[in-house]
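What you see is a predicted model, and the numbers here were worked out from it, not measured in a lab. No hydrogens, no waters, no symmetry mates; every other heavy atom, side chains included, goes into these values.
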Amino acid sequence: MDADPIYLAPADYSVTRPVPGGFIIFGLILWAVAIWLLTRRPDPEDGHGSLPPAALLKLRRDALRRIDEIDTAVRGDKMPARRGHHELSKVVRGFVSKASGLKAETMTASDLRERGPAHPATLIEEFYPRQFGATEADASSFSGSAAAARDVVGGWS
C-alpha cells in the first residue's frame with residue numbers, strides 16, 4: 001500500500017519552550033525560599049537558659065572543680081598567673097554560655113554588660129588587666145580572682 005504523500009510524520013518537541021519554563025519555575029522557588037529565610041524572626045537572645053536543675057548543678061560542679069584545679073596549678077607554680085587568668089575567664093565564660101544561652105565565649109565585656117547579668121561582666125573586666133597587661137600578674141592576686149570566679153559560678157541560679 002501506498003502512503004498518503006500529504007501525510008507528514010509527527011514533529012519532535014522543541015527544547016526552546018520547556019527549558020525557559022523550568023528556569024522560571026526554579027527562579028520562583030528560589031525567590032520564595034529567599035523571602036522565607038529573610039523574613040523569619042531572629043532567634044531570641046534573651047539570656048535565659050532552659051537547663052533543668054540537675055544539669056545546672058552538674059555544670060556548676062564541673063566549673064567549680066575546674067576553677068579549683070586552676071587555682072592549685074597557679075599556687076603550685078605549675079601555671080603562670082597570666083595563663084591562670086585566661087583559664088578562669090574561659091571557665092566562667094563557658095559556664096555563663098551553657099547556663100544562660102548567651103554566647104559569652106565570644107562576647108566582649110561591654111557586650112556581656114549590655115546583654116547579660118552584671119556579675120560575669122564585672123569579673124571579666126577585672127580579668128582583662130591581669131590577662132593582657134604589660135606586666136605579669138602576680139600569683140598573690142590570683143587567689144582573689146579565683147574566689148571571685150567561684151562566687152559568680154556558685155551564686156548562679
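- The two residues Val74 and Ala81 come nearest to each other via the heavy atoms CG1-CA, 4.2 Å.
- Looking only at side-chain heavy atoms (C-beta outward), Glu87 and Glu69 stay at 4.5 Å or farther from each other.
- A distance of 13.5 Å separates CZ in Arg40 from CD1 in Ile35, rounded to the nearest 0.5 Å.
- The shortest heavy-atom contact between Glu105 and Ser97 is N-OG, 3.3 Å.
- Within the 4.5 Å cutoff, side-chain heavy atoms of Asp71 are placed close to those of Arg150.
- Nearest heavy-atom pair, Ile70 versus Gly84, reported as atom, atom and distance to 0.1 Å: CG2-O, 3.8 Å.
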Check against salt bridge (charged side-chain N to carboxylate O under 4.0 Å, His left out), Asp62 and Lys58: CA-CA 6 Å; Asp62 291 346; Lys58 181 184 181 318; 2.9 Å; yes
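- The nearest pair of heavy atoms linking Ala63 to Val153 is CB-CG1, 3.8 Å.
- Here the closest non-hydrogen pair linking Ala146 and Ile67 is O-CG2, 3.9 Å.
- Taking CE of Met107 as the reference point, atom CD of Glu114 lies at 9.0 Å (rounded to 0.5 Å).
- Residue Gly154 comes nearest to Leu64 through the heavy atom pair N-CD2, 4.3 Å, listed as atom of the first residue, atom of the second, then distance.
- Thr106 contributes atom OG1, which lies 8.5 Å from atom CG of Asp111 (distance to the nearest 0.5 angstrom).
- Applying the ring pair (Phe, Tyr, Trp, His ring centres under 6.0 Å) rule to pairs touching residues 93-112 yields Phe95-Trp156, sequence neighbours excluded.
- Atoms CG and CG, on Leu88 and Leu123 in that order, are 8.0 Å from each other to the nearest 0.5 Å.
- Counting only heavy atoms from C-beta outward, the side chains of Ser89 and His86 never approach each other to under 4.5 Å.
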